[in-house]
Number of protein chains: 4
Amino acid sequence: MPKIVDHDQYRKELLTKCFDLFAAKGYGAVTMRQIAKELGVSTGTLYHYFPSKQALFWQLYDELNERDTASMNAVLNSTDTLEERITAIFDYIAQNEDYFFKQFLITGDFYQQQDREEILANETLKHNYELNRDFVTKALETDDPAVVNFAMCLATGIMVVRLFEGNVVEYAEQAQLLNKMLTLYLQGSALSDVNVT
Amino acid sequence: MPKIVDHDQYRKELLTKCFDLFAAKGYGAVTMRQIAKELGVSTGTLYHYFPSKQALFWQLYDELNERDTASMNAVLNSTDTLEERITAIFDYIAQNEDYFFKQFLITGDFYQQQDREEILANETLKHNYELNRDFVTKALETDDPAVVNFAMCLATGIMVVRLFEGNVVEYAEQAQLLNKMLTLYLQGSALSDVNVT
Amino acid sequence: MPKIVDHDQYRKELLTKCFDLFAAKGYGAVTMRQIAKELGVSTGTLYHYFPSKQALFWQLYDELNERDTASMNAVLNSTDTLEERITAIFDYIAQNEDYFFKQFLITGDFYQQQDREEILANETLKHNYELNRDFVTKALETDDPAVVNFAMCLATGIMVVRLFEGNVVEYAEQAQLLNKMLTLYLQGSALSDVNVT
Amino acid sequence: MPKIVDHDQYRKELLTKCFDLFAAKGYGAVTMRQIAKELGVSTGTLYHYFPSKQALFWQLYDELNERDTASMNAVLNSTDTLEERITAIFDYIAQNEDYFFKQFLITGDFYQQQDREEILANETLKHNYELNRDFVTKALETDDPAVVNFAMCLATGIMVVRLFEGNVVEYAEQAQLLNKMLTLYLQGSALSDVNVT
DNA sequence: TATGAATGAGACTTCATTCAT
DNA sequence: AATGAATGAAGTCTCATTCAT
């Protein structure tokens, strides 16, 4: 018997440790030697677990998505009103902003690995988006896809702006705004629905 | 100073040609030799105009911002109502989406050149943001910074989502939504202002 | 000593399986992992039987020679005339051409392991040559070493030319030529011997 | 203008210097760093002239063939009889044995670069063989291809045996033998031709 | 015995940059 | 101002070998 190691589990542990490194420096700027050093293994070992730098990167990306799916489900518990749910979501993003920054940056790296066409055809990417969409749909309790997109784009935008510009926008403030506007808008829709009827 | 003008102008011409290259492949993936070849000059000449790859990159970034400033001013001409102005802005983004994609990607590369701290302290970046903010402020004719941010984040978000996910959102649709909500919201504010008064 | 026999026999089995691998790809291009995989064992096990890659290689070489010795003896049975014996030898080479190709290629690899001096001083190599020489001497029933060398070089040459150039020469044709020439030559020698006497 | 260098001529100079290195150690055992060091250039420069190690190797191979063609033509001058011509050829080989050794070893390496099929289909290889064949045909003044092959295989065989076994055969001795046998054989053919007529 | 995880030197190759011309 | 040859550090990856189990 060889050294007792759960190959797959150890592989995931290594991936976890890579996260920060890629997020901080970007795919291109991180060398396999650096990764190995950071993980406390030799380059040989690194290649024992990941056939190439690209492969390591893709596996990391998959791993991230898997996590997100798991952690998002708890957010909407114990929320009753629309306002509470909006607040909960923006709070969740705010709390995990650092993680989202990193994930976004890594996705950005991901992007530069291949042609745009391939990216847009990529199943993992699509799947991740569907996930988020369903989540927001459930939160807003609306079946108007435009509204769902509206909220998602706003949230994404805030995050991106904060990433690039710093604290020029605040989550809580924007959450309130969204809440008010949405309430007014949905009331309006409801009214016009009533009127129509 | 006859030569200097030529020098500077030629430098800008070279920069222009670099834009697509960086946008398509990313900073790290483009080599100075590739750039030189694309520009039809030798590496020696390239280094004659730009002291380093980084410098070339920064100058490109500056160049981009300069252009944006110029081209954005014309957008709001011949718009009277809020709706028209919102439509005009989103239309402008939609028309130049490809350019914004590239600019965003290059900014992303830019980001990976250095620490987050330095980025956020960077004057060029700040300046660019101020510019956009002023533009939106003027367009929305509101002095509520939260609302300005709201619109900016939404627009940014739509662009980013489309970049990564494809045509899952549409500019026109979101523009309409924003228009309705904003109208309702601003009316409400006006009313409450009145009430308060 | 019950275990030792198994050990040695297993070792030889492993060697046999290595033959094709080395012949096909060459010493340098075959990795120990590949060998292990091909043999259906782990690298650890491989190293249990062979202290190093070089050692494995040398043992393979020895093994080859051992086999040749055994298989060549039967060739000259039931041949009466010189013509029959020459035909038998060339036939034997033709039948086993593939094996000779591989052996030659492996010997070529062998060569590149060390300095020419060492090669020429190598006992295994010498021994193998003596073996072949004795065999040909017996076949030609002559004690003129020049003639023996002549035949050996011709046979070697045909094999090498076919290895590198393909079927541009035929064994049977050359065997006939050698037979005729040798017959003429040996008759002549005999005559002159008589004359001398 | 850059440093004045005749790119192509310098490339050939570098190739020449590589010859011994490859012949002595074999393709696999020579590293690009070693080559660079030996040539007195940096690895970067080496790659400036040769896109890869393989490419360098193929170019070397081509270069060798080109040379052989040139140098073989002078050999048959001032030879009148068959004996003189045979002697001249074997002498030529003996004089340049070291070169032939190296060429043969490099060809052997060459062989291990790719599949046998590809090798045999390789035009350079075929061309080289044709060249040698024509040369020998002219030297022996016979149009019997079997005899030409006979002589070629013998010469090749002597060279190969000497390469692997050392001075166990001598060129001069074998040249004499070949001369005698060939003379006898050709006389015989001539006679039988006469008889037939 | 047998396994395969681990090692780390070293292979090929790239690339920003310099410099002689 | 312009060229492109030259540099060498550094990147990704391989592989013979060792060793804990």
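Predicted, not measured: the structure shown is a model, and the values here were computed from it. Reckoned from all heavy atoms, side chains included, excluding hydrogens, waters and symmetry mates. Throughout, protein chains are lettered first and strands after them, A, B, ... in sequence-line order, and every chain is numbered starting at 1.
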Measuring centre to centre across the rings, with the benzene-like ring taken for any Trp, is F19(A) within less than 6.0 Å of Y99(A)? yes

So that I know where these two stand, are F164(B) and F104(A) an aromatic pair - ring centroids less than 6.0 Å apart? yes

Applying a 3.5 Å limit to both distances, which nucleotide forms a Watson-Crick or G-U wobble pair with dA20(E)? dT3(F)

Rounded to whole angstrom units, what separation is found between the [atom1] atom of [X] and the [atom2] atom of [N]?
X: L39(C); N: dT3(E); atom1: CG; atom2: P; result: 11 Å
X: D8(D); N: dA5(F); atom1: CG; atom2: C1'; result: 15 Å
X: Q34(D); N: dA11(E); atom1: CD; atom2: P; result: 7 Å
X: K53(C); N: dT18(F); atom1: NZ; atom2: P; result: 15 Å
X: K37(A); N: dG11(F); atom1: NZ; atom2: P; result: 11 Å
X: L56(D); N: dA11(E); atom1: CG; atom2: P; result: 16 Å
X: M32(B); N: dC15(E); atom1: CE; atom2: C1'; result: 10 Å
X: Q54(A); N: dG11(F); atom1: CD; atom2: P; result: 17 Å

Check whether any side-chain nitrogen or oxygen of [X] sits under 4.0 Å from OP1 or OP2 of [N], and answer yes or no.
X: H7(A); N: dA5(E); answer: yes
X: H48(D); N: dA6(F); answer: no
X: T45(A); N: dA5(E); answer: no

Who passes side chain to side chain donor-acceptor pair (under 3.5 Å) against S42(D), sequence neighbours left out? T45(D)

Does the structure place the NZ or CZ of K53(D) under 6.0 Å from the centre of the six-membered ring of Y27(D), at an angle of no more than 45° from the ring's axis? yes

Quick check on DNA chain F: between V41(D) and S42(B), whose nearest nucleotide comes earlier from the 5' end? S42(B)

Where each residue is assigned the nucleotide of DNA chain F containing its nearest heavy atom, which of G44(A) and Y49(B) is assigned the position nearer the 5′ end? Y49(B)

Return yes if the base of dG10(E) and the side-chain atoms of R33(D) contain a donor-acceptor N/O pair under 3.5 Å, otherwise no. no

Nearest listed nucleotide, side chain of T31(C), among dC15(F), dA6(E), dA5(E): dC15(F)

Hey, which sits more toward the 5' end of DNA chain E by its nearest nucleotide, P51(B) or G40(C)? G40(C)

Toward the 5' end of DNA chain E, by each residue's nearest nucleotide, S52(D) or T43(A): T43(A)

Do we see a donor-acceptor contact under 3.5 Å between the side chains of R11(A) and T16(A)? no

